[in-house]
K.L.:
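First the structure, then my questions, so here it is.
Within every chain, numbering begins at 1; the chains are lettered A, B, ... in the order of the sequence lines, protein sequences first and strands thereafter. Note that the structure is a prediction, hence the values are computed from the model and not measured.
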2 protein chains.
Amino acid sequence: MDDTERSPGDQEGLQSQREDAAPTTTIHDVAARAGVSIATVSRVLNDSRPVRPEHRMRVLAAADELGYSANLLGRALRQGRSHSIGLVVPDLENPFFATLAQDVSRAFASSQIDVYVYSADNDLETERRAIASFLGRRVDGLVLIPCDEVRSAPSVRLASRAVVTIQLDRLAPSVRTHFIGCDNRYGMAQIASHVRAVVEVDPRPIVFIGAHPTSSSAHERLDTFAKAFPAARLVLGSFDFSFGRDAMSQLIDEGLKAAVVVTDADVIALGVIAAVHAHGRAIPRDYRVTGFDGVGVTFLAQPPLTTVRQPVGQMTAAIVDIVRGAFDGGGTRDYVVRRFRPSLIVRESSPA
Amino acid sequence: MDDTERSPGDQEGLQSQREDAAPTTTIHDVAARAGVSIATVSRVLNDSRPVRPEHRMRVLAAADELGYSANLLGRALRQGRSHSIGLVVPDLENPFFATLAQDVSRAFASSQIDVYVYSADNDLETERRAIASFLGRRVDGLVLIPCDEVRSAPSVRLASRAVVTIQLDRLAPSVRTHFIGCDNRYGMAQIASHVRAVVEVDPRPIVFIGAHPTSSSAHERLDTFAKAFPAARLVLGSFDFSFGRDAMSQLIDEGLKAAVVVTDADVIALGVIAAVHAHGRAIPRDYRVTGFDGVGVTFLAQPPLTTVRQPVGQMTAAIVDIVRGAFDGGGTRDYVVRRFRPSLIVRESSPA
DNA sequence: CTGAAAGCGCTAACAA
DNA sequence: TTGTTAGCGCTTTCAG
């Protein structure tokens, strides 16, 4: 265990006894108390059918007095739907996914649909389990950010056969589902032309620090970059801060004095920036740095990060539309595939 | 809608038709195919009782061929437990909560318990809904980070009466539940002595930029600070980056030339740092800055942030223990209340 | 407008 | 070791 996390002096204590668990009240209790049948109670509570006003009052009163709240398992089992959707993210520590999760949640807040978030912890088996558990609980829809372009496919396919499934941000292309994401090639092309313009007047080596192309987004971004700059050095790792820091640190140690450092995620860029500062070098004087995503943490960078921003608001709105459509329209429909164009934001980490 | 988010050129398209939804297979289908009763199928799948090996094989084969997976709603309804817990966080964009969510998820990954995360979006009504929906779905436990020290109490109480409930990080003190958090007073006292030592040799005004004391953590931190420095200026807002930036920006505009800026969260400190840089001033030369939490984003700060680190690993382990204990021990037990001591980490944003 | 009753899918008691 | 059956809590026909 990490030594810095030890805290021998933590206060510890036990408080009073647990109150006895309240017996769960069911629709039968309410019915009995109101002097009506359980059917009437159900009708009042869902107002699914007209009920004599007097009965309605009595039911409402009884439910209130007993502190009744419906068992959603019973309801879901009967109805075959759960009024909920599942969102499986690779990782909640990545602020881009955290923001996506927050925004998806918020987008559904006004509807009757609960959004549950499950972190796959960047692990295929955990991802499989997350999807299976959501399906087993009969969610009405699934929004997935697949960990791996290829190896997540079986789980995604399983989902797609059972329920409205939307792949978000990342795509396992072998499975037909809805897809909402960003036009990564366009975004990286924007970065590339920025870089090209920049080295024109101020020549320096170009390096790419990004994630291994095992997710579709990393794949597309890397691909576009490599086509634009075939001679550039590529350093590949994972979508997190410490990879960016370590990779950049090593490049500097190896003697890289100046460069344009292109990354494929803001978190990586933030790591790069930290490494540059740790080595006492300056941005953009010695190293120019660009990010990708433009969400949340971008604002934290010092200096402010040149990046490409994904229109998250539009993306989540599109998701709501699809889910709504699946509920209303219901039947056989076409798959929605939308790639929103991100927009280049030039800031001080790599000025024009 | 934010103009920067428009992307008129986004690609849009519809793909092939949805494959017909596979009919959900039940335990009956498996039983029929294997030529046994549904009870035997259940017993094999849960191995809850010995089953003749030959039958076991046939059941497994049938389940596999049919792609059967159990309906967890039926199981949960029958068993009265769902093998899941709910985690309600105020906000997923706050990296501290996101990290907490990630760590809690990871801590339960090795158990049979699924962790579902619900964002309350810093809204009391959404928080109430999150708790009610988890209870309605009969989660076996609830981990809550209450939005508000006082106004979250009714929802927390509701939870505590139905299910093992653990308040995490923030406490609604009027409700008796388990509590896992950090010793905020101790942590802020650490900061205070650091600040005191610092101004001794290098006198400058002390200001506090932190959240309104509506959550217990903000309350305790502010309280401790205010007792230590009764004359210090207090600027109060919310636990987010933009509040920190705006507050600091205004202080600088008002003419604050130098200061020790104490915050009660790293996210706020990051905002403060951004504002300082935006005004062309330097840290720690002009302004010293301290944070609180020491999780995730701390590393992003430039210069590295002096802060107080919460032992998140220990905290999540304690949560697992409580939940496990509640399942095994079951009956009436005392409440666990633990406040882990955070540890001061002195870095360049306010060196010793 | 209302109640009786069926049944969603599952597990567990009970009987064989 | 196995099958039959009751029933978890709910909604929704179907009769009245």
K.L.:
Could you tell me the separation between the CG atom of B/Asp29 and the P atom of C/dG9, rounded to a whole number of Å?
P.N.:
9 Å
K.L.:
What residue pairs, at least two apart or across chains, pass salt bridge (charged side-chain N to carboxylate O under 4.0 Å, His left out) with a residue in residues 103-122 of chain B?
P.N.:
A/Glu93-B/Arg106, A/Arg106-B/Asp121, A/Asp121-B/Arg106, A/Arg129-B/Asp114, A/Arg137-B/Asp114, B/Asp103-B/Arg106
K.L.:
What pairs of residues pass the side chain to side chain donor-acceptor pair (under 3.5 Å) test when at least one of them lies in residues 47-56 of chain A, not counting sequence neighbours?
P.N.:
A/Glu54-A/Arg58
K.L.:
Name the pairs: protein N/O against N/O of nucleotides 10-13 of chain C, kept only if under 3.5 Å.
P.N.:
residue	atom	partner	partner atom	Å
C/dC10	OP1	B/Tyr68	OH	2.3
C/dC10	OP1	B/Asn71	N	2.9
C/dC10	OP2	B/Ile27	N	2.5
C/dT11	OP1	B/Asn46	OD1	3.4
C/dT11	OP1	B/Asn46	ND2	3.2
C/dT11	OP1	B/Arg75	NE	2.7
C/dT11	OP1	B/Arg75	NH2	3.1
C/dT11	OP2	B/Ser42	OG	2.9
C/dT11	O2	B/Arg78	NH1	2.3
C/dA12	O4'	B/Arg78	NH2	3.1

K.L.:
For the helix from C/dC1-D/dG16 to C/dA16-D/dT1, measure the angle between the helix axis at one end and the axis at the other, each built from five pairs, rounding to 10°.
P.N.:
50°
K.L.:
Sub-3.5 Å donor-acceptor pair from the side chain of A/Glu127 to the main-chain atoms of A/Cys147, do we have one?
P.N.:
yes
K.L.:
With A/Asp123, which residues qualify under side-chain hydrogen bond (donor to acceptor under 3.5 Å, both in side chains), at least two apart?
P.N.:
A/Thr126
K.L.:
With sequence neighbours excluded, what pairs up with A/Arg138 under the side-chain hydrogen bond (donor to acceptor under 3.5 Å, both in side chains) test?
P.N.:
none
K.L.:
Which residue pairs pass the salt bridge (charged side-chain N to carboxylate O under 4.0 Å, His left out) test when at least one of the two sits in residues 75-89 of chain A, sequence neighbours left out?
P.N.:
A/Arg81-A/Asp140
K.L.:
Once side chain to side chain contact (heavy atoms under 4.5 Å, CB included) is applied, do any residues pair with A/Asp148, and if so which ones, sequence neighbours excluded?
P.N.:
A/Leu124, A/Val150, A/Arg151, A/Ser152, A/Thr214
K.L.:
Not counting sequence neighbours, which residues clear side chain to side chain contact (heavy atoms under 4.5 Å, CB included) with B/Ile322? List them please.
P.N.:
B/Val164, B/Ile166, B/His178, B/Ile180, B/Val336
K.L.:
Per the salt bridge (charged side-chain N to carboxylate O under 4.0 Å, His left out) rule, what does the pair list look like for residues 27-45 of chain B, sequence neighbours excluded?
P.N.:
B/Arg33-B/Glu65
K.L.:
Pick the closest DNA chain D nucleotide for B/Arg52 and for A/Leu73 by heavy atoms, then say which residue is nearer the 5' end.
P.N.:
B/Arg52
K.L.:
I'd like the 5' and 3' limits of the part of DNA chain D contacted by chain A, with heavy-atom contacts below 4.0 Å.
P.N.:
D/dG9 to D/dT13
K.L.:
How would you list, by chain and number, every residue that makes a side chain to side chain contact (heavy atoms under 4.5 Å, CB included) with A/Ala130, sequence neighbours excluded?
P.N.:
A/Val88, A/Tyr118
